[in-house]
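The block underneath contains the structure these notes are about, expressed in structure tokens.
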Protein chains: 2
Amino acid sequence: MSTRERTVQAEAGERRRVTSFDVAERAGVSQSTVSRALAGLETITAATRRRVEEAARELGYFVDSRAARLRSGDTRTIAIVVITREGGDVRAINPFHFTLLGSTCAAAAARGFEALVTFQSEPEQLFGRFVEERRADAVIVIGTTANLPAWEHFRNLSEDQPNMAFWGVGGEENEWVRSDNLQGAQLAVERLVAAGHRRIAFVGETGGHQLQFGERYEGYCRAMTAQGLAPLPPVTGTGETRDGQGRAAMEAILKGDRPEGLFFACDAMALGALDHLAQRGIDVPGDIGVVGFDGLGSGAHSHPPLTTVEPEFALAGEMLVSVALDAGSSERRVPVRLVERRSVRAPR
Amino acid sequence: MSTRERTVQAEAGERRRVTSFDVAERAGVSQSTVSRALAGLETITAATRRRVEEAARELGYFVDSRAARLRSGDTRTIAIVVITREGGDVRAINPFHFTLLGSTCAAAAARGFEALVTFQSEPEQLFGRFVEERRADAVIVIGTTANLPAWEHFRNLSEDQPNMAFWGVGGEENEWVRSDNLQGAQLAVERLVAAGHRRIAFVGETGGHQLQFGERYEGYCRAMTAQGLAPLPPVTGTGETRDGQGRAAMEAILKGDRPEGLFFACDAMALGALDHLAQRGIDVPGDIGVVGFDGLGSGAHSHPPLTTVEPEFALAGEMLVSVALDAGSSERRVPVRLVERRSVRAPR
DNA sequence: TTGAAAGCGCTAACAT
DNA sequence: ATGTTAGCGCTTTCAA
């Protein structure tokens with residue numbers, strides 16, 4: 001359809017969306033010049049660009065992203081899937097995943113990508129074909145390891161779908177990003193040792209699907225050995241939530257030979273344990289030292305505030321995005337740091 | 001281009017995306033039948049549909065959402081903008097907004113919409129023309145009231161952009177959704193009174209941009225009066241964060257005539273205040289009763305765990321989505337409930 | 001119930 | 001530096 005025909009149609013009174021043809025007519029240039037000017041191509045002279053921009057503003061014109069992306073072939077969008085517990089509501093989501101989601105959105109934006117976010121939990125409704133549907137250029141998967149069918153689903157997807165990245169574990173060999181768990185565990189153990197503790201226990205399941213816990217235990221063992229101390233077998237507690245698991249583990253620990261220091265595989269468990277300790281009247285850090293992992297904000301207000309190992313969230317988001325987009329990206333270990341609060345007594 | 005031509009091109013060895021034409025050929029039907037079958041239109045016979053679906057599966061075909069939406073005119077997407085502090089990182093975001101974000105995404109999904117999420121903070125980079133760009137059918141704005149330029153930006157947008165919804169306040173008359181603050185305040189005051197407290201103070205700024213705090217104070221005043229008690233002027237504390245403001249307010253309160261009960265306009269402030277109280281050796285709920293507002297998860301692990309007024313998050317998300325989409329939707333007050341924890345002593 | 005044809009609004013290849 | 005033209009892949013008339 002020519003510009004002339006469109007004009008006639010418009011003048012006939014039909015309500016239409018303003019298109020680049022309308023802008024072209026108003027600016028006295030061709031439609032493709034409008035496209036180039038608004039896309040910021042260098043071949044357009046400053047004067048032409050100004051005229052086009054003004055005409056666009058006057059008409060309230062915005063580029064239709066669907067048409068632009070259909071034609072250009074890309075989407076400039078990254079899909080972020082947050083896996084949650086089956087049947088669970090948003091209140092039950094570990095705040096760690098929210099923080100990670102936030103930094104991933106920010107990292108995507110920094111690279112000029114938009115973020116399409118879905119929370120997925122029910123096995124029969126899992127969906128990850130965002131790239132095939134041209135809804136996104138890549139897919140990032142984060143969330144709870146407790147929902148096995150969901151991880152399985154996305155792991156399978158990644159077999160014939162290169163542009164994916166997983167937090168923790170999943171997908172093909174080179175598609176995961178996770179914390180520097182060995183380093184984190186070392187930081188935790190060294191801090192407890194500095195406080196004078198020698199009998200230090202690790203809390204968290206090590207053989208399960210939360211592969212990062214296994215790494216944290218491995219790091220704990222290495223660090224203990226390096227300090228000339230004997231690593232203890234990992235302690236676990238059963239419960240629906242991490243919180244409950246932490247309480248249960250704490251209860252079990254207090255029944256036996258009491259350790260001087262405790263390294264929890266995640267803050268959520270440590271927080272539950274702290275509650276149990278307080279109820280039992282056991283003083284932290286006086287009677288026992290506690291270190292967590294994840295850098296949860298809640299730890300800042302717990303009793304006492306929780307010393308923890310925190311991944312650099314900003315980097316975590318950036319790495320997820322670049323692994324998802326580039327596939328060739330190599331850095332996949334997120335640096336960690338010790339956040340000193342008050343659940344371990346001062347170094348001697 | 002005819003089906004025949006496409007076939008020739010494909011056989012010439014050119015790598016192309018699988019299209020509905022390919023599926024049509026394989027299924028032995030026309031391209032439009034493929035479209036109809038996959039869209040689930042009722043006019044297609046079961047046998048035809050099965051053949052099409054099988055061909056699609058065999059070829060790994062998925063509908064290109066850009067093309068489908070360009071043609072059909074919709075986007076089936078809702079943009080969610082989370083306003084954050086200028087220069088702030090994800091760690092500083094109030095977890096309340098994350099929970100609200102989660103429930104809004106869930107509500108959008110329940111209505112068949114996808115969620116395009118952006119975190120926005122810097123004044124020069126604010127963007128909300130998602131509808132004009134045909135990136136979304138509606139825009140929902142949530143986040144911190146502390147970023148004035150951002151709220152101003154989106155409020156302006158809503159003047160000529162009907163499909164918007166704001167959490168708290170903003171936009172045109174009928175575009176906001178917020179907690180039932182009057183009811184929430186009443187719940188809080190009644191609980192403190194039940195514990196035997198009579199001198200009850202309210203903490204939070206009432207004349208500011210956080211309009212909900214004003215409503216909570218109003219509700220506090222009404223509830224106090226209804227109980228035959230004298231409302232006190234609102235107490236505020238200065239600080240960068242809500243946490244700091246809570247501490248400062250607490251410090252100020254302790255300098256004067258000590259109240260028996262405290263109602264905080266938000267949990268984040270209450271949590272800061274609780275820390276200060278603990279440091280000063282003042283027992284909660286023994287020496288003073290505390291109630292917050294927001295239902296923050298952190299409150300479950302504070303010292304003591306924080307009794308709070310919680311909005312029904314699932315409903316909050318649903319209301320935001322339906323206000324954004326329908327414009328005519330009427331229900332905009334989110335019901336609240338009292339979450340009993342341990343910062344107020346048992347009713348007498 | 002299905003097929004043929006039009007065209008959504010844009011970008012990019014090819015002209016000039 | 002700009003105009004002309006083709007066509008991205010689909011949904012939706014219109015016809016049969």
Side-chain angles (χ1 to χ4, degrees), chain A residues 1-6 9-10 14-25 27-52 55-56 59-76 132-135, chain B residues 1-7 9-10 14-25 27-52 56 59-76 132-135:
Chain A
M1 193 190 286
S2 73
T3 302
R4 169 98 191 89
E5 285 171 283
R6 284 182 168 274
Q9 191 181 57
E14 191 176 325
R15 266 276 179 281
R16 298 177 15 259
R17 182 182 151 78
V18 176
T19 71
S20 52
F21 284 92
D22 302 317
V23 177
E25 192 187 1
V29 296
S30 74
Q31 180 269 338
S32 52
T33 295
V34 171
S35 174
R36 292 183 185 113
L38 265 24
L41 297 199
E42 290 303 332
T43 68
I44 302 295
T45 60
T48 305
R49 181 183 321 261
R50 213 174 314 111
R51 288 223 313 288
V52 169
L59 294 172
Y61 170 77
F62 290 86
V63 173
D64 185 317
S65 65
R66 299 166 304 189
R69 291 164 185 189
L70 171 58
R71 181 59 240 236
S72 70
D74 65 8
T75 74
R76 301 304 293 176
E132 291 87 339
E133 284 191 341
R134 314 321 303 261
R135 275 270 46 212
Chain B
M1 193 190 285
S2 74
T3 303
R4 169 102 192 88
E5 285 172 282
R6 285 182 166 273
T7 306
Q9 192 183 55
E14 191 177 324
R15 266 275 177 281
R16 296 178 18 259
R17 181 183 151 78
V18 176
T19 71
S20 52
F21 284 92
D22 303 316
V23 178
E25 193 186 0
V29 297
S30 73
Q31 181 268 339
S32 48
T33 296
V34 172
S35 174
R36 292 183 184 112
L38 265 24
L41 297 199
E42 290 304 332
T43 68
I44 301 294
T45 60
T48 305
R49 182 186 319 265
R50 212 175 313 112
R51 289 224 313 288
V52 170
L59 294 172
Y61 171 78
F62 290 87
V63 173
D64 185 317
S65 64
R66 298 165 305 187
R69 292 165 184 188
L70 170 59
R71 182 56 240 239
S72 71
D74 66 7
T75 73
R76 301 304 293 175
E132 292 87 340
E133 284 190 343
R134 313 323 301 265
R135 274 272 45 213

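Residue numbers begin at 1 in each chain, while the letters A, B, ... track the order of the sequences.
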Got a list of side-chain donor-acceptor pairs under 3.5 Å for residues 32-42 of chain B, not counting sequence neighbours?
from	atom 1	to	atom 2	distance (Å)
B:Ser32	OG	B:Ser30	OG	3.2
B:Thr33	OG1	B:Ser30	OG	3.1

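Partners of A:Ala68 by side-chain contact (heavy atoms from CB on, under 4.5 Å), not counting sequence neighbours, listed by chain and number: A:Val63. Residues meeting the side-chain hydrogen bond (donor to acceptor under 3.5 Å, both in side chains) test with A:Thr75, sequence neighbours left out: A:Asp137. Under the rule for a salt bridge (Lys or Arg N to Asp or Glu O under 4.0 Å), A:Arg134 has no partner lying at least two apart in sequence or in another chain.
Rounded to 10 degrees, the angle between the two end axes of the helix from C:dT1-D:dA16 to C:dT16-D:dA1 is 30°, with five pairs used at each end.
For the pair B:Arg69 CZ and D:dC8 C1', the interatomic distance rounds to 16 Å; values are reported in whole Å. The nearest whole Å value for the distance from the CG atom in B:Leu70 to the P atom in D:dC8 is 13 Å. Straight-line distance from the CZ atom of B:Arg134 to the C1' atom of D:dC8: 19 Å, rounded to whole Å. For the pair A:Leu59 CG and C:dG9 C1', the computed distance is 15 Å after rounding to whole Å. Between A:Tyr61 atom OH and C:dC10 atom C1' there is a gap of 7 Å when expressed in whole angstrom units. Summarising the geometry, the separation between CD on B:Glu133 and P on C:dC8 is reported as 20 Å, rounded to the nearest angstrom. The CG atom of B:Asp74 sits 13 Å away from the P atom of C:dG9 (whole-angstrom rounding). Between the CG atom of B:Asp64 and the P atom of D:dT11 there is a distance of 9 Å, rounded to whole Å.
Of the side-chain N and O atoms in B:Ser20, one or more sit less than 4.0 angstrom from OP1 or OP2 of D:dC10.
Formation of a donor-acceptor pair under 3.5 Å by the A:Arg17 side chain with backbone atoms of B:Glu132 is found in this model. B:Arg66 contributes no side-chain N or O that, together with a main-chain N or O of A:Arg71, makes up a donor-acceptor pair within less than 3.5 Å.
Note on B:Ser65: nothing from the nucleic acid sits closer than 4.0 angstrom, heavy atoms only. At the heavy-atom level, B:Thr43 lies under 4.0 Å from base atoms of the strands shown.
The side chain of A:Thr45 has D:dT2 as its nearest neighbour among D:dT2, C:dG3, D:dC10. The side chain of B:Ala68 sits closest to D:dT11 out of C:dC10, D:dG3, D:dT11.
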Sort me out a list of protein N/O and nucleotides 12-16 of chain D N/O pairs below 3.5 Å, or just none if empty.
from	atom 1	to	atom 2	distance (Å)
D:dT13	O4	B:Arg36	NH2	2.9

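Listed here is the closest heavy atom pair of B:Val52 and B:Val23: O-CG1, 3.8 Å. Contact between B:Val29 and B:Arg51 at its shortest, heavy atoms only, is CG1-NH2, 3.6 Å. In terms of heavy-atom proximity, B:Val18 sits nearest to B:Tyr61 at O-CD1, 3.5 Å.
Nearest-nucleotide assignment on DNA chain C puts the 5′-proximal partner with B:Ser30, out of B:Ser30 and A:Val34.
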